[in-house]
Structures are given as C-alpha cells and as structure tokens.
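Let me begin by presenting the structure, written as structure tokens, before commenting on it.
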Protein chains: 2
Amino acid sequence: MPIDIPTPGQPVRGSSTGKPIMALFDLLGRSWALGVIWQLSDRALTFRQLQTACEGVSPTVLNKRLKELTASGFVVRNDQGYLLSPSGAQLLALLRPLGHYSEDWAETFTQTGESLAGHSPDAPRPGP
Amino acid sequence: MPIDIPTPGQPVRGSSTGKPIMALFDLLGRSWALGVIWQLSDRALTFRQLQTACEGVSPTVLNKRLKELTASGFVVRNDQGYLLSPSGAQLLALLRPLGHYSEDWAETFTQTGESLAGHSPDAPRPGP
DNA sequence: CAGATTCGCTACACTATGCGTAGCAATACA
DNA sequence: TGTATTGCTACGCATAGTGTAGCGAATCTG
C-alpha cells in the first residue's frame, strides 16, 4: 500500500489539479496534523513524547502523520527526536496567531453559557 | 444522535480539558473544513455552489461541516446562501498567508522533480 | 394551472481513516 | 543476564467520508 501524501500538482482533496493551497489543506486537514506541528513548536520530541503530548493519539496514526509531514518537508529527525524543519517553523509562525484567536473564540462560548455540562475544572489556558 | 462538535472547554481531540487551540484544530482538522472557509472568502455561496467549488465533496459531509461551522460561529446563512460571519472572516484573515506560503512550498516540489515524497531511509535515531 | 428546473438536504451502501491494545526488535543500562 | 525504554507494526473494531439516488419545497415556464 503506497502511502497517499497530498502533493502540489497532483490531484488532492479539493483540487483535481493539485492547487498548492488545497494540497496544504488536505495535508493539514487530517487528524492530528496541526496538533503535531503545534507540539513541536519549541522543542524536539521523541515518538513517545509526542504520543503523550498529543493526548490519545494512536501510534498508528502518529506514525502516519509523521511520515507525511517529513515527506512534505515540515518535520525532520535528529538524535533528539522529531522537530520542525525551517519550512515547518515558517508554517508554524503562520499558525501561531490562531492560538490567540482561539482564546477569543472560546470566550464566546463561556459568555453565552453554551452547554458546558460536566466540564472538569481547568486552569486558565496556558500557551503551548 | 447528537452531532459531535468540538467545543472549547469540553474534551476534544488533543486535549481532554478542551484547550481552545485544540478545539479549533479539531474543528479545522476535519476534511473540507478549511476548504469550505477558503471558498467562502470573498462571496456567499449556495449549497450546490459550494459543492461545485469544493470539487468532489459529498453532500453528506458538506452538510455536516456547514452545521459544525455555523454552530461554531464561523459561518452564517442569508438569502444569498452561506457566508463567513465576522468571526469567520477574522479567522480567514489569519489563514490567508497560508495561500502565499503554499505557493513557495509547492516550488520545492517542482524544483526537486516532484519526487520529494520518498523520504530518506534513516536518520540517526534518538538513543533511549 | 401543469410541467420543468433548481434548491437544500437526506438515505443508504460501500470504503477509507482512525482507535485501542498488544507486542516486537533494537538499544541502553544494571 | 535481566529490565526498561525506544520507535514502530499488527490487528480487530469503530467512526468518518464517498458516491449515487432521490425527496420535498420553491421558483420559473408555458
């Protein structure tokens, strides 16, 4: 089974001609892809450390995402484990603002008292 | 069966306590979510127009994504069809830079003859 | 009014993707 | 030698996404 990795210029989800943005969205729009990049923001992590950092990710999927992300040039390996490549760090820089945005977004839920039944007490959201 | 929509403060993929950024990633990390937002960037689209714009999306999933995105406050409806809410437009503004980035990223594939996808066999492994 | 077209959306069977657990080979240290 | 940790695979099950067909409502057309 050849691994299916979204590649610009090749048919991807959202574009039969492989428009770069759609290839990127196809890649990032898979479970845990964004989370993995986020966790690698400031440090290298081993496979098991990543497993722990991404609560609940199965090793099967983690391995798949890591292969996709390395093949796409966002992630590399060294003796410390997995870490972002320069290109990956560049991508993360573009994703960073989403962190602040998400906190503003979250407030719209607490303000309107949206169904929050049975939520466990949580510290004020710490940045990654 | 209640639809499962990632909500800050509730357990989501990547955070049992529902950290906002993880809830957002859970939401955007589902197929077509990013693509739908992207397509609505500059105009309102009807359901069928969206179906056409997102080549190959099934109506089942499109409907699901639209429900999630409206419930999350990113998308609204008017007589013209679906369009981004102010909050959604704000989110899109943060995603826009990815468009340019993806173009640069795509060049790394054409430069290397599009065969970057085969990842190098082995890097030095992190010793336990 | 009858017919045709388009609309948003649902039903349903099939396939792909992800999950959870177990566990293996390799390395490191005792 | 034994124990522990590493990266990672196997496998069975559950969920998410695909593809096609088609419904009821609304809007044109004659």
Side-chain angles (χ1 to χ4, degrees), chain A residues 1-6 11-16 22 25-36 39-40 43-71 75-83, chain B residues 1-6 11-16 22 25-36 39-40 43-71 75-83 119-128:
Chain A
M1 162 192 150
I3 330 174
D4 166 39
I5 300 179
V12 295
R13 192 164 48 192
S15 169
S16 55
M22 287 302 158
F25 281 172
D26 191 355
L27 193 65
L28 300 181
R30 297 179 176 191
S31 63
W32 297 105
L34 287 165
V36 164
Q39 294 295 343
L40 293 179
R43 64 206 184 281
L45 290 178
T46 66
F47 189 92
R48 299 243 171 170
Q49 284 173 330
L50 258 176
Q51 253 187 299
T52 306
C54 303
E55 316 169 20
V57 65
S58 70
T60 320
V61 173
L62 179 55
N63 188 37
K64 224 195 251 183
R65 285 301 98 82
L66 284 171
K67 274 180 181 158
E68 293 167 2
L69 291 174
T70 56
V75 167
V76 291
R77 280 185 76 177
N78 66 3
D79 53 350
Q80 304 294 316
Y82 293 92
L83 67 152
Chain B
M1 168 189 170
I3 330 175
D4 164 39
I5 300 180
V12 295
R13 193 164 49 189
S15 169
S16 56
M22 287 303 157
F25 281 172
D26 191 354
L27 193 65
L28 300 181
R30 297 180 175 189
S31 65
W32 297 104
L34 287 166
V36 164
Q39 294 294 344
L40 293 179
R43 64 206 183 284
L45 289 178
T46 67
F47 190 91
R48 301 241 169 169
Q49 284 173 331
L50 258 175
Q51 253 187 300
T52 306
C54 303
E55 319 171 18
V57 65
S58 70
T60 320
V61 173
L62 179 55
N63 188 36
K64 225 194 255 180
R65 285 301 97 83
L66 284 172
K67 274 180 182 158
E68 292 167 3
L69 292 173
T70 55
V75 167
V76 291
R77 278 186 80 174
N78 67 4
D79 53 351
Q80 303 295 314
Y82 293 93
L83 67 152
H119 63 293
S120 42
D122 260 350
R125 294 192 169 192

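Since this is a predicted model, take the numbers as computed values, not measurements. Below, chain A is the first sequence line, B the second, and so on; all start at residue 1.
Put simply, CG on A:L34 is 13 Å from P on C:dG18, counting in whole angstrom units. The CG atom of B:N63 sits 16 Å away from the C1' atom of C:dC12 (whole-angstrom rounding). Regarding B:F47, its CZ atom lies at a distance of 15 Å from the C1' atom of D:dA25, rounded to whole Å. What separates CZ of A:R13 from C1' of D:dT18 is a distance of 11 Å, to the nearest Å. Atom pair B:K64:NZ and D:dT18:P shows a separation of 10 Å (rounding to whole Å applied). The separation between B:R65 atom CZ and C:dC9 atom C1' is 16 Å, rounded to whole Å. Here D:dG7 presents its P atom at 14 Å from NZ of A:K67, a figure rounded to the nearest Å. Taking atom CD of residue B:Q51 and atom C1' of nucleotide D:dT18, one finds them 12 Å apart after rounding to whole Å.
Counting only distance, with no hydrogens or angles, the side chain of B:R65 and the backbone of B:S31 share a donor-acceptor pair below 3.5 Å. Judged by distance alone, the side chain of A:N78 and the main-chain N or O of A:G81 form a donor-acceptor pair under 3.5 Å.
Take the nearest nucleotide of DNA chain C for A:R30 and for A:R48: the residue whose nucleotide is more 5' is A:R30.
Residue B:R77 has no polar side-chain atom (N or O) positioned under 4.0 Å from OP1 or OP2 of C:dG8. Between C:dG18 and A:T60, no contact under 4.0 Å exists linking OP1 or OP2 to a side-chain N or O. A sub-4.0 Å separation between OP1 or OP2 of C:dG18 and a side-chain N or O of A:S58 is absent. Side-chain nitrogen and oxygen atoms of B:W32 include at least one within less than 4.0 Å of the OP1 or OP2 phosphate oxygen of D:dT18. An OP1 or OP2 oxygen of C:dC9 is reached within less than 4.0 angstrom by a side-chain nitrogen or oxygen of B:Y82.
At a threshold of 4.5 Å between non-hydrogen side-chain atoms, the residues B:V57 and B:V36 do not count as touching. Side chains of A:V75 and A:T70 form a contact here, defined as non-hydrogen atoms less than 4.5 Å apart. Inter-residue side-chain proximity for B:M22 and B:P6 is flagged as unmet; no heavy-atom pair is nearer than 4.5 Å.
Using a 4.0 Å heavy-atom cutoff across all strands shown, B:T46 reaches sugar-phosphate atoms only and no base atom. At a threshold of 4.0 angstrom between heavy atoms, the contacts of A:V61 are confined to the sugar-phosphate backbone, with no base atom among them.
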